[in-house]
Amino acid sequence: MKKISLSSIFSSLLLLASTGLFAQTPSSIQKHINYLASDKLEGRGTGTEGGKTAAKYLEKQFKKLGLKPYGDKGTYLQEFPAKKGLPPNVSYVQATNVVGFLDNGSDKTIVIGAHYDHLGKGDQGSSLEANSVGSIHNGADDNASRTAGLIEMAKFYAKNKIKEKHNFLFIGFSGEELGLIGSKYYADNATIDLKTVNCMINMDMIGRYREDKGLTIGGWGTSSFWGKNIPQLAINQSVKYNVDSAGIGPSDHTSFYLKNLPVLFFFTGAHQEYHKPSDDANLINAEGEVKVLDLAKSIIEKIEEAPKLDFIQVANNPHAGNARSSFKVTMGIIPDYAYDKGGVKIDGVTKGRPAEKAGLQAGDIIMKLGENSTTDVQEYMKALGKFDKGQTIDAEVKRGAEKLILKITF
């Protein structure tokens with residue numbers, strides 16, 4: 001019989017504490033979602049009173065857990081300007097990321113993020129319900145579900161009485177629905193050295209898990225670690241899943257992938273309530289969400305045991321970065337949504353897609369597609385909707401002081 005040491009018994013007791021007493025429960029998840037997706041918060045629109053109330057709720061939770069404030073000026077809050085609305089009703093609002101740090105004294109950090117904003121009263125231009133301006137879009141799945149999970153994971157790592165080998169940076173992003181503005185702002189103005197970040201784990205819409213459909217895991221190709229370790233972990237926990245190799249996608253992990261960091265993205269799938277006033281808390285599968293969070297924790301446990309993760313630049317899915325649209329074609333760019341000096345500034349270019357093949361680069365400004373002026377992102381989207389697969393057009397591009405005409409084939 002193998003001799004059992006006192007230290008191993010102690011470790012086992014700590015493990016039991018971490019997986020039992022401080023485990024997420026469906027009731028704790030549902031409680032957060034019920035509040036965040038209540039009419040009181042009026043859809044958590046960026047820069048609205050409801051959005052500010054959601055930020056205060058996150059701030060209160062982080063403070064209660066003893067996380068260090070890692071926003072600006074010694075606070076949990078990182079403020080930034082966000083452009084909101086559709087022409088001619090465009091305005092600038094003050095938006096807020098909420099940032100808390102669990103300091104384990106390590107030289108490596110895992111970033112865990114989720115956006116807490118939604119569509120407010122449907123006046124941001126992205127509601128999929130006809131004539132819904134003025135109706136509260138509660139966004140229970142998108143993304144109160146993951147905001148609740150962010151709080152519960154912060155609680156788990158802050159209270160499990162285990163000093164992990166990584167620090168943890170927990171971020172609630174605002175402005176995601178306006179074009180990943182909050183995560184881009186954080187990535188460009190990080191309050192930690194991004195060179196110390198081992199990976200970023202992002203979850204968006206994880207509240208509608210179904211056994212027949214399973215979980216989509218994005219970012220699979222951004223590190224060899226994911227493919228070597230996740231399959232067995234998913235089997236162990238009976239999680240059905242499919243994968244997307246792309247590091248670029250329609251959520252906040254994109255901003256970290258563009259900083260050459262391995263990313264992981266969890267998503268339980270689209271549904272008929274997406275971006276409609278009917279995305280309500282009573283439709284959440286809290287038990288399924290716990291299952292998703294448990295898988296995330298088991299992955300982090302494996303990361304704890306491993307050397308620093310490798311980063312791989314991925315030839316992304318053709319629809320990455322635009323997965324929630326219905327365009328016949330895509331260019332494969334990430335626009336800089338905060339740019340407002342005329343034209344569409346490119347923040348990132350997807351490998352193997354039409355923009356990269358045509359020679360477009362990060363920093364270029366698209367002024368015209370075919371005969372269509374692209375004065376801003378909205379005009380760019382309108383122009384893109386006019387083209388067909390296989391069509392070749394001229395794109396007028398500014399690169400510094402130079403004007404270029406590049407041919408793009410969709």
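What you see is a predicted model; the values in this text were computed from it and never measured.
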Stepwise side chain to side chain contact (heavy atoms under 4.5 Å, CB included) test for Val239 and Leu233: CA-CA 9 Å; Val239 175; Leu233 295 173; over 6 Å; no

Stepwise salt bridge (Lys or Arg N to Asp or Glu O under 4.0 Å) check, Arg208 with Glu289: CA-CA 7 Å; Arg208 303 287 287 272; Glu289 177 163 340; over 6 Å; no

Side chain to side chain contact (heavy atoms under 4.5 Å, CB included) evaluation trace for Phe225 with Ile303: CA-CA 8 Å; Phe225 180 87; Ile303 295 171; 3.6 Å; yes

Pair Leu58-Ile151, side chain to side chain contact (heavy atoms under 4.5 Å, CB included): steps then yes or no: CA-CA 7 Å; Leu58 259 177; Ile151 294 167; 3.7 Å; yes

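Of the possible donor and acceptor atoms, one in the side chain of Thr147 sits under 3.5 Å from a partner among the backbone N and O of Asn143. Listed for the Asp117 side chain is a donor-acceptor partner under 3.5 Å among the backbone atoms of Glu176. A donor-acceptor pair under 3.5 Å is formed between the side chain of Tyr257 and the backbone N or O of Val314. Under a 3.5 Å cut-off, the side chain of Ser255 and the backbone N or O of Lys184 do form a donor-acceptor pair. The closest donor-acceptor contact from the side chain of Thr53 to the backbone of Leu41 lies at 3.5 Å or more, if one exists at all. A distance-only check finds a donor-acceptor pair linking the side chain of Arg44 to the backbone of Tyr116 [under 3.5 Å]. Counting only distance, with no hydrogens or angles, the side chain of Asn285 and the backbone of Gly288 share a donor-acceptor pair below 3.5 Å. Remark: the backbone N or O of Val263 is paired with a side-chain donor or acceptor of Trp226 at under 3.5 angstrom. Under the 3.5 Å distance criterion, the side-chain polar atoms of Gln78 are matched with a main-chain donor or acceptor of Asn189. Using modelled atom types, no side-chain atom of Glu42 and backbone atom of Gly120 make a donor-acceptor pair closer than 3.5 Å.
Remark: the Arg353 side chain and the Thr330 side chain contain an N/O donor-acceptor pair separated by less than 3.5 Å. With 3.5 Å as the limit, one finds a donor-acceptor pair spanning the side chains of His115 and Asp142. Side-chain contact check for Asn202 and Asp252: no donor-acceptor pair (N or O, by modelled atom type) lies under 3.5 Å. Between the side chains of Asn97 and Ser174, no donor N or O sits under 3.5 Å from an acceptor N or O. Side chains of Thr25 and Ser28: a donor on one and an acceptor on the other come within 3.5 Å. Side-chain polar atoms of Ser132 and Ser127 form a donor-acceptor pair below 3.5 angstrom. Side-chain atoms of Asp279 and Asn138 form no donor-acceptor pair, as typed in the model, at a separation below 3.5 Å. With 3.5 Å as the limit, one finds no donor-acceptor pair spanning the side chains of Ser135 and Glu129.
In this pair, Tyr76 and Phe62 present their aromatic rings tilted. The plane angle is within the 30 to 60° band. The aromatic rings of Phe387 and Phe410 lie parallel to each other, with less than 30° between the two planes, well short of the 60° mark. Under the 30°/60° scheme for interplanar angles, the aromatic rings of His32 and Tyr57 are found to stand perpendicular. The aromatic rings of Phe168 and His166 are tilted relative to each other, their planes meeting at an angle between 30° and 60°. Ring pair His137/His118 is tilted by interplanar angle, where 30° to 60° counts as tilted.
Within 6.0 Å of NZ on Lys31 lie no more than 12 heavy atoms contributed by other residues, nucleotides or ligands. The 12-atom threshold is exceeded at CG of Asn282, counting heavy atoms of other residues, nucleotides or ligands nearer than 6.0 Å. Atom CD of Glu305 is surrounded by more than 12 heavy atoms from other residues, nucleotides or ligands within 6.0 Å. Atom NZ of Lys308 is surrounded by more than 12 heavy atoms from other residues, nucleotides or ligands within 6.0 Å.
In this structure, the separation between CE on Met200 and CG on Leu264 is 10.0 Å, given to the nearest 0.5 Å. Atom CD1 of Ile235 is separated from atom NZ of Lys240 by 14.0 Å, given to the nearest 0.5 angstrom.
Ion pairing of Lys83 with Asp376 is absent here, as no side-chain N (NZ or NE/NH1/NH2) approaches a carboxylate O to less than 4.0 Å. Salt-bridge formation is not detected for the pair Asp364/Lys398: no Lys NZ or Arg NE/NH1/NH2 atom is positioned less than 4.0 Å from an Asp or Glu carboxylate oxygen. Of the charged side-chain nitrogens involved, at least one lies within less than 4.0 Å of a carboxylate oxygen, so that Lys297 and Asp294 count as a salt-bridged pair. A salt bridge does not link Asp193 with Lys195: every distance from a Lys NZ or Arg NE/NH1/NH2 to an Asp or Glu carboxylate oxygen is 4.0 Å or more. Salt-bridge check for Lys56 with Glu59: failed, with every basic side-chain N at 4.0 Å or more from each acidic carboxylate O. Here Glu304 does not pair with Lys108 in a salt bridge; the nearest charged N to carboxylate O distance is not below 4.0 Å. The residues Asp103 and Lys68 are annotated as salt-bridged, a charged nitrogen and a carboxylate oxygen being separated by less than 4.0 angstrom.
None of Asp204, Ile217, Ile201 except one satisfies the side chain to side chain contact (heavy atoms under 4.5 Å, CB included) rule with Phe265; the exception is Asp204. Among Leu169, Asn167, Leu261, the single residue meeting the side chain to side chain contact (heavy atoms under 4.5 Å, CB included) criterion with Val197 is Leu261.
Side chains of Ile171 and Val111 form a contact here, defined as non-hydrogen atoms less than 4.5 Å apart. Between Met205 and Phe266 there is no side-chain heavy-atom pair separated by less than 4.5 Å. Put simply, the side chain of Thr254 does not reach to within 4.5 Å of the side chain of Ser183, judged on heavy atoms. Residues Lys84 and Thr48 form a side-chain contact, since some pair of their non-hydrogen atoms from C-beta on lies under 4.5 Å apart. Contact annotation: the side chain of Asn236 approaches that of Gln232 to within less than 4.5 Å [non-hydrogen atoms, C-beta and beyond]. In this structure the side chain of Asp72 never reaches within 4.5 angstrom of the side chain of Val99, judged on heavy atoms. The shortest distance between side-chain heavy atoms of Met203 and Val292 falls below 4.5 Å. Side-chain contact between Lys382 and Asn372: absent, with no pair of heavy atoms (C-beta onward) separated by less than 4.5 Å.
Closest approach of Ala395 to Leu369, counting heavy atoms only: CB-CD2, 3.9 Å.
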